[in-house]
There are 2 protein chains.
Amino acid sequence: MRVSIKDIALKCNLSVSTVSRALNGDYGVKSATRTSVMKVAKELGYVPNIAAKELVSQKSKLIGIILNESDGDGEARPAFFELLPHINKTLAIFNYRAIIYTINSNSYIRGEITDIINLRNLSGCIVVSVFRENHPIYEDIKSLNNPIVVLESSILTRICSNINTDEVMGGYMATRYLIDNGHKQIGFVNGPQNFEISNERFEGFQKAIEESQLQISDTAIIWSNYTGSGGKDSIHQLIQNNPAITAVFFANDLMAMGAISSMAESGILVPKDISIIGYDGLFVCKYYNPPLASVVIDNAAIGVRAAELLLELINGGSGKTVRVMPKLFEGKSVRKY
Amino acid sequence: MRVSIKDIALKCNLSVSTVSRALNGDYGVKSATRTSVMKVAKELGYVPNIAAKELVSQKSKLIGIILNESDGDGEARPAFFELLPHINKTLAIFNYRAIIYTINSNSYIRGEITDIINLRNLSGCIVVSVFRENHPIYEDIKSLNNPIVVLESSILTRICSNINTDEVMGGYMATRYLIDNGHKQIGFVNGPQNFEISNERFEGFQKAIEESQLQISDTAIIWSNYTGSGGKDSIHQLIQNNPAITAVFFANDLMAMGAISSMAESGILVPKDISIIGYDGLFVCKYYNPPLASVVIDNAAIGVRAAELLLELINGGSGKTVRVMPKLFEGKSVRKY
DNA sequence: GTGAAAGCGCTAACAC
DNA sequence: GTGTTAGCGCTTTCAC
């Protein structure tokens with residue numbers, strides 16, 4: 001049988017209520033009483049029963065982390081796994097813990113996220129995966145009555161914060177970097193059109209192109225799928241239709257890597273024959289061959305900030321938007337003309 | 001106020017105990033009663049209060065996943081993040097959920113893992129990170145009274161299972177693959193000596209070397225640190241001391257990648273000038289330039305199996321050892337002589 | 001400053 | 001087959 005406050009009360013000749021107050025640092029307990037309670041608790045190896053606390057307080061100190069199941073194969077969005085430890089560590093400082101939930105994006109039914117929260121009385125949750133635009137989960141989030149932080153989205157309510165990279169800026173930075181290095185014939189391999197991030201990165205791309213008054217043919221823009229093999233297919237198509245191309249911006253690193261390794265087999269070298277820049281700043285970029293230029297998303301900062309935003313909401317704060325600036329990693333995959 | 005079984009009882013003209021029995025599928029409830037209870041529960045939007053259930057049952061349906069904090073930087077052991085979704089999905093089938101705990105390997109104090117388990121009454125836990133040999137956490141695990149599954153270790157008790165790749169075989173396969181391709185001057189860049197996996201991979205390496213009666217100089221074996229920059233430093237040292245070397249086995253992919261990208265800058269090409277094989281089978285291997293030969297650890301299988309082993313222990317089964325065979329990914333980084 | 005008692009939502013004897 | 005009751009460990013009024 002585990003030690004309970006009753007055991008402490010018995011040993012201290014006190015009532016359970018006093019012990020409870022002493023243990024929880026409440027006012028109205030003589031300081032001598034408190035020290036003796038603490039001492040006995042330690043001696044007895046007392047561990048509070050969280051289930052009992054939760055039952056009476058109706059709260060849980062548990063945070064849900066919502067993951068899109070398709071991220072699970074490790075290919076789709078590896079960057080999100082870099083977030084997890086940082087979210088977790090920040091939450092742990094305040095004695096919150098994270099439960100991971102995997103949601104199948106295709107079989108999602110309205111209210112699923114509400115059920116998840118209610119079942120374990122979660123204090124809040126963080127949606128780390130990007131779902132396609134107009135995915136029903138976003139409707140649920142908007143009408144939710146629980147604190148929630150959504151990454152890479154712009155949902156903002158009294159009780160929902162969002163944190164995201166400035167994707168337009170990211171797209172702009174990547175394209176600008178190519179232009180600044182003298183490239184004029186530039187291709188863009190993007191993700192699917194029904195993702196907010198794809199469209200924003202595209203907007204940044206366009207901005208940089210227009211600003212420089214470059215002409216980009218329609219065939220130089222490909223809407224792919226954020227996978228390595230998608231990158232591979234796209235680059236060949238791109239080169240075939242645009243033989244004069246000298247640089248390509250891929251909307252994520254995985255597609256860029258798929259393209260580079262595939263081109264190498266055809267004897268096309270990076271950056272000698274063609275320059276490549278990716279997006280995400282995966283930690284493997286710096287060990288890629290060649291080190292892959294990329295728009296770096298600061299996952300550590302986002303993870304910490306997401307957790308902080310959620311804790312703010314839990315403590316009564318109201319929803320806000322936080323925007324994180326991406327950085328450029330130059331790598332060695334872009335040639336200067 | 002949330003709907004409780006009391007509300008259902010009221011509406012159905014039943015007692016709470018009958019409702020409880022009906023809801024939990026216990027025997028001794030008329031089938032008509034059960035259907036009406038179910039119907040009303042649904043109508044009212046009833047969600048069971050898990051805290052109450054846990055309080056009375058003294059169990060939690062919560063599993064701890066123990067991560068070494070140093071894995072958190074995403075560099076140390078990226079492969080483990082590939083495990084997570086698979087563990088999680090398997091647990092979810094049986095309504096168990098995973099809580100992620102980050103442990104700082106250096107500041108660990110005896111009993112920490114026991115406290116973690118007791119505080120939330122975890123049904124069990126899975127230790128996914130590799131700690132160095134003789135780390136105090138392993139002593140704690142041996143004397144634990146709760147179901148636990150440890151990856152990449154050989155701890156086996158009545159209530160502790162372990163699951164690991166056959167690392168000796170992995171080391172053997174990698175080395176054998178180089179030998180079979182005609183390499184005779186082979187180098188080995190390993191991880192730190194105080195990790196069980198390093199020593200096992202080394203054993204496999206030695207076995208293949210001896211079997212083939214090759215001579216390997218002491219300077220061709222380097223104990224590094226599993227990081228990309230460690231791989232970079234090691235390869236240059238290796239080549240300098242062993243100019244005739246034609247192939248190197250790296251005990252993980254990250255070191256191999258660090259080495260390849262660094263060699264490229266010095267004009268040393270893989271596999272033309274030197275052949276490289278890695279270990280782990282990270283999903284980026286196939287998009288590396290060149291696609292990196294590697295010993296593939298089947299993280300999906302390990303994740304699923306680890307969860308299954310834990311559930312077995314929770315349901316009264318006893319500790320067992322499961323060994324998973326690694327596979328070889330040939331890539332294009334090894335040249336045939 | 002401390003104690004007695006009620007109750008959070010649920011399960012599990014035990015009674016009928 | 002169903003109801004009554006006690007109790008899981010804790011917090012929180014309300015007395016004193």
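Each chain gets a letter, A, B and so on, in the order its sequence line appears, and its residues count up from 1.
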Trainee: Would you tell me if any nitrogen or oxygen in the side chain of Gln58(A) comes within less than 4.0 Å of OP1 or OP2 on dG9(C)?
Mentor: yes
Trainee: Scan side-chain atoms only and decide if Ser17(A) and Ser20(A) contain a donor-acceptor pair under the 3.5 Å cut-off.
Mentor: no
Trainee: In degrees rounded to 10°, what angle is found between the helical axes fit to the five outermost pairs at each end of the helix from dG1(C)-dC16(D) to dC16(C)-dG1(D)?
Mentor: 40°
Trainee: Please list residues of residues 43-50 of chain B whose heavy atoms come under 4.0 Å from any atom in DNA chain C, ordered by number; otherwise none.
Mentor: Tyr46(B), Pro48(B), Asn49(B)
Trainee: Collect all protein-nucleotide pairs involving nucleotides 1-4 of chain C in which both atoms are nitrogen or oxygen and the distance is under 3.5 Å.
Mentor:
| from | atom 1 | to | atom 2 | distance (Å) |
| --- | --- | --- | --- | --- |
| dT2(C) | OP1 | Thr33(A) | OG1 | 2.7 |
| dT2(C) | OP2 | Lys30(A) | N | 2.8 |
| dT2(C) | OP2 | Thr33(A) | OG1 | 3.2 |
| dG3(C) | OP2 | Ser15(A) | N | 2.7 |
| dG3(C) | OP2 | Ser15(A) | OG | 3.1 |
| dG3(C) | OP2 | Thr18(A) | OG1 | 2.8 |
| dG3(C) | N7 | Ser17(A) | OG | 3.3 |
| dG3(C) | N7 | Arg21(A) | NH2 | 2.9 |
| dG3(C) | O6 | Arg21(A) | NH1 | 3.2 |
| dG3(C) | O6 | Arg21(A) | NH2 | 3.4 |
| dA4(C) | N6 | Ser17(A) | OG | 3.2 |

Trainee: Strictly below 4.0 Å, N to O, side chains only: are Glu54(A) and Arg120(A) in salt-bridge contact?
Mentor: no
Trainee: If you assign each of Val56(B) and Val56(A) to its closest nucleotide in DNA chain D, which residue comes earlier from the 5' end?
Mentor: Val56(B)
Trainee: Please indicate whether Lys61(A) has more than 12 foreign heavy atoms, meaning atoms of other residues, nucleotides or ligands, lying under 6.0 Å from its NZ.
Mentor: yes
Trainee: For DNA chain C, which residues in residues 112-120 of chain B have a heavy atom at a distance below 4.0 Å?
Mentor: none
Trainee: With sequence neighbours excluded, tell me which residues meet side chain to side chain donor-acceptor pair (under 3.5 Å) with Ser154(B).
Mentor: Glu196(B)
Trainee: Tell me whether the side-chain N/O atoms of Ser57(B) come closer than 4.0 Å to OP1 or OP2 in dT11(C).
Mentor: no
Trainee: Checking His86(A) side chain against Ala301(A) main chain: does a donor-acceptor pair fall under 3.5 Å?
Mentor: no
Trainee: Side chains of Asn88(A) and Thr102(B) only: does a donor on one sit below 3.5 Å from an acceptor on the other?
Mentor: yes
Trainee: What residues form a side chain to side chain donor-acceptor pair (under 3.5 Å) with Tyr108(A), not counting sequence neighbours?
Mentor: Asp140(A)
Trainee: More than 12 foreign heavy atoms under 6.0 Å from CG of Asn315(B): is that the case here?
Mentor: yes
Trainee: If the cut-off is 4.0 Å, is Lys53(A) near the phosphate of dT11(D), judged by side-chain N/O to OP1 or OP2?
Mentor: yes
